Amino acid sequence: MCVFCAASPGANPVYVQQANAMGRYLAETGRRVIYGGGRTGLMGALAEGALGAGGEVIGIMPKHLVDFEVAHTGLTELHVVASMHERKALLAELSDGFLAMPGGLGTMEELFEIWTWGQLGLHRKPYGLFEVNGFFAPLLTFLDHAVSEGFIRPEYRGLLVVDTVPSALIARMEAMSPPALPRWMEKSGT
Ligand code: AMP
């Protein structure tokens, strides 16, 4: 499972606690964690949670960030790549699913890229949000607004699974079956 989350701890300790809990849950259920490889903020807490529960954690980090000494040095594997683009491509390739936790620009960008690639039919892997402390509520409201204004198709909006409980989130993501071909790319829909 690929996890996108903040390199910062956030303003409320619940974010770090829940990142740790998600890491622990993934490890305890035998899932390998794949993430950006950082040691700070929610990223570090996620890795610690999984490693502490005996899980495998794969980090993928571009060289310029490793040189900046923000990499976690105790991971099962740390892949050092040349660029942010290479990092995202490898995160996507190695993972069977993607979940985002609270985060900033980096997390948002990663989530939306995966969602966009799914919409374009470039992958058929599930993605979801692990909601903590109501963090994503304004974003979800905005996404619904974009649907009602005709910019996001309801079927693609519906592919983003949102849950506050790790076990429920993962179970619902695993039950998702994204459309084989984006509807707007089918002949009849153009
Ligand atoms: P942000 O949400 O802006 O804190 O960015 C976190 C996301 O962007 C992570 O999922 C990482 O892939 C990437 N990222 C941003 N800053 C760092 C950092 N200092 N160390 C590792 N990854 C980072």
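Worth saying up front: this structure is predicted, and the values here are computed from it rather than measured. One-based numbering along the sequence shown. Remember, it's 1-based here, ligands and their atoms both numbered in the order they're listed.
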Ligand 1 polar-atom proximity to protein (N/O, under 3.5 Å):
unit_1, atom_1, unit_2, atom_2, d
ligand 1, 2 (O), Gly104, N, 2.7
ligand 1, 2 (O), Thr107, N, 3.0
ligand 1, 2 (O), Thr107, OG1, 2.6
ligand 1, 3 (O), Leu105, N, 3.4
ligand 1, 3 (O), Gly106, N, 2.9
ligand 1, 4 (O), Ala7, N, 2.9
ligand 1, 10 (O), Cys5, O, 3.4
ligand 1, 10 (O), Glu110, OE1, 2.6
ligand 1, 10 (O), Glu110, OE2, 3.3
ligand 1, 12 (O), Arg87, NH1, 2.9
ligand 1, 12 (O), Glu110, OE2, 2.5
ligand 1, 22 (N), Arg87, NH2, 3.0

Minimum heavy-atom distance between [X] and [Y], given as atom pair plus value:
| X | Y | value |
| --- | --- | --- |
| Val57 | Ala50 | CG2-CB, 3.5 Å |
| Ala53 | Ala27 | CB-CB, 3.8 Å |
| Leu99 | Met22 | CD2-CE, 3.9 Å |

Could you pull out all donor-acceptor pairs under 3.5 Å where a side-chain atom in residues 135-147 meets a protein atom, sequence neighbours excluded?
unit_1, atom_1, unit_2, atom_2, d
Thr141, OG1, Ala137, O, 3.0
Asp144, OD1, Arg157, NE, 2.8
Asp144, OD1, Arg157, NH2, 3.2

Candidate list Gln18, Glu131, Met43, test side-chain contact (heavy atoms from CB on, under 4.5 Å), partner Met101, passing option: Gln18
Taking the six-membered ring for Trp and the single ring otherwise, decide whether the centroids of Tyr35 and His72 are under 6.0 Å apart.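 No; His72 has its ring centre 6.0 Å or more from that of Tyr35.
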